[in-house]
2 protein chains.
Amino acid sequence: MIKVIITEDNDTIREGLCLLINASDGMECIARFTNCEDMLTALPGLKPDVFLQDIGLPGMSGIEGVKNIVQQIPGATILMLTVFEDEENIFEALKAGASGYLLKKTPPAQLIEAIKDAFHGGSPMSSNIARKVVTFFKQAPSSKLKESYGLSQREKDILASLAEGNSYKIIADKLFICIDTVRSHIRNVYKKLHVHNQSEAVAKAFKDGII
Amino acid sequence: MIKVIITEDNDTIREGLCLLINASDGMECIARFTNCEDMLTALPGLKPDVFLQDIGLPGMSGIEGVKNIVQQIPGATILMLTVFEDEENIFEALKAGASGYLLKKTPPAQLIEAIKDAFHGGSPMSSNIARKVVTFFKQAPSSKLKESYGLSQREKDILASLAEGNSYKIIADKLFICIDTVRSHIRNVYKKLHVHNQSEAVAKAFKDGII
DNA sequence: GGCACAATCGCATGATCATGCTATTAAAGC
DNA sequence: GCTTTAATAGCATGATCATGCGATTGTGCC
């Protein structure tokens, strides 16, 4: 039996969830609360497997609640069940330690599946939530929208080679060009990046995702 | 009709997928390839909605393939379909622009659902993949446990100053120490990081999050 | 054709760095 | 008390770099 705890202030939704869970095979709702404070004080006496956690609660927010839960029970399985679809809430909840993130409009059958999934180590997420999480990765490190300061491919190559610790001589040999050409390229890189030595150039290249 | 392109080197799997998709309502496999190179050259003539992309391919890897696809078609919907479950591959694929990530052991019915889901803006992921992605967020802020290679605070300061483009002389003045001391610290940094010049040290510092 | 620009090459010189070896002091650990 | 380590400092030298000035090619654009 998967033992579930619900924290949700809306009476209709809370009781509905409770009924749904108890009506499903293999799981039961062992407790339900209208706010985080009550849930946290009652927690030590309970041995829940999965938390269903609203975000918009009176008093302590659901996300704060998640932080407190993981403090008491590291590795707890927590499913956010909320109306909020904004990235702020999503990422905050996941950072706090939530395992999954479902929207309240999730159909009952799927919700039951999600609880089972989470209990077995999965991370159920509503479709559009998953897309937002994935999109986060695309933006973060691969932001090649940046100007690159107009560096040519050759200049980027040489800059990258520099970051690997190669000297002008080595770079020249690797690229089959003369050392003076390397010098010339790096000189241009410095101009474009507005720097005056290798370290600063490499640092800027990393910060701005050129390398 | 959702138009699907498959890139997969294993004949059995590729043809199986193709049959499965063509047997499903609302989608068809308009092309299939055994490697990325062929796929990319044929791409301009096709108007696919969803890519099914293997990772372990001969020649260009599937992840490199993804990067090339998004260059040609920004916003393309790409589903990774692979045996790799390691975080390296998962995150690289998502960073490159994949919309979803499925394991090859995914049952056919679920695969079809995933294609539809992706087409409609979702990000289908196998359960354990989703968990790994979610876990990434938990670690993210507390990932300051990184080795740092045993650099002392002073050494980190000097390394950071170096990355700002300061010369030994400037660093010495800023920290109110002698230039030979700066030299000495940097010498130790080089030893600890196993590098032999500023650029490599700065690059490593960025890669490993020391700075 | 003319213009801009990337990529190539050359030379010279003062500035800066990498590295070897040594040494002192204070704090931390056993 | 002894050992280790971080932080400080010194010296010397060959290697490497930063920068100024100049030059030739090929490509793409108007």
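Letters A, B, ... are given to chains in the order of the sequence lines, protein chains preceding strands, and every chain is numbered from 1.
Under the 3.5 Å distance criterion, with hydrogens and angles disregarded, no donor-acceptor pair is assigned to the side chains of Glu64(B) and Asn68(B).
Closest to the side chain of His196(B), from the set dT19(C), dA7(D), dG10(C), is dT19(C). The side chain of Arg187(B) has dC11(D) as its nearest neighbour among dC11(D), dC17(D), dT19(D).
Distance Ile186(A) CD1 to dT16(D) C1': 11 Å, rounded to the nearest Å. Atom CD in Glu200(B) sits roughly 15 Å away from atom C1' in dC17(C) (whole-Å rounding). Between the OH atom of Tyr168(A) and the P atom of dA18(C) there is a distance of 12 Å, rounded to whole Å. Here the C1' atom of nucleotide dG20(C) and the CG atom of Asp180(B) are 13 Å apart, to the nearest Å. Rounded to whole Å, atom P of dG10(C) lies 12 Å from atom CD1 of Ile177(A). Rounded to an integer number of Å, the gap from Leu159(B) CG to dA18(C) P is 12 Å. Lys174(A) has its NZ atom 17 Å from the P atom of dT8(C), to the nearest Å. Between the P atom of dC9(C) and the CD1 atom of Ile171(A) lies a distance of 14 Å, rounded to the nearest Å.
Mapping Lys191(B) and Asn166(B) onto DNA chain C by nearest heavy atom places Asn166(B) at the nucleotide closer to the 5' end. Annotation: of the two residues near DNA chain D, Ser167(A) and Phe176(B), the 5′-most nearest-nucleotide partner is Phe176(B). Residues Glu155(B) and Arg183(B) both approach DNA chain D. Their nearest nucleotides, taken by heavy-atom distance, put Glu155(B) toward the 5′ side.
When heavy atoms are screened at a 4.0 angstrom cut-off, Asn197(A) is found touching the sugar-phosphate backbone but no base atom.
Of the side-chain N and O atoms in Tyr190(A), one or more sit less than 4.0 angstrom from OP1 or OP2 of dA18(D). Close to dA7(C), at under 4.0 Å from its OP1 or OP2, lies no side-chain N or O of Ser184(A). Between Arg154(B) and dT8(D) there is a side-chain polar atom (N or O) within less than 4.0 angstrom of OP1 or OP2. For Thr181(B), a side-chain nitrogen or oxygen approaches OP1 or OP2 of dA9(D) to under 4.0 Å. Between Gln198(B) and dC17(C) there is a side-chain N or O to OP1 or OP2 distance below 4.0 Å. Contact annotation: His185(A) side-chain N/O to dA6(C) OP1/OP2 distance is not under 4.0 Å. Considering only side-chain N and O atoms, Lys156(B) lies nowhere under 4.0 angstrom from the phosphate OP1 or OP2 of dA6(D).
Side-chain contact between Leu94(B) and Val133(B): present, with at least one pair of heavy atoms (C-beta onward) separated by less than 4.5 Å.
Residues Asp54(B) and Lys104(B) are paired through a salt bridge, judged by an N-O separation under 4.0 Å between the basic side chain and the carboxylate. Using a cutoff of 4.0 Å between basic side-chain nitrogens and carboxylate oxygens, Lys105(A) and Glu85(A) are scored as salt-bridged.
Interatomic distance, CD of Gln72(A) versus CG of Leu46(A), reported as 10.0 Å (0.5 Å rounding).
Under a cut-off of 6.0 angstrom, the local environment of CG in Asp25(B) is sparse, with at most 12 non-hydrogen atoms contributed by other residues, nucleotides or ligands.
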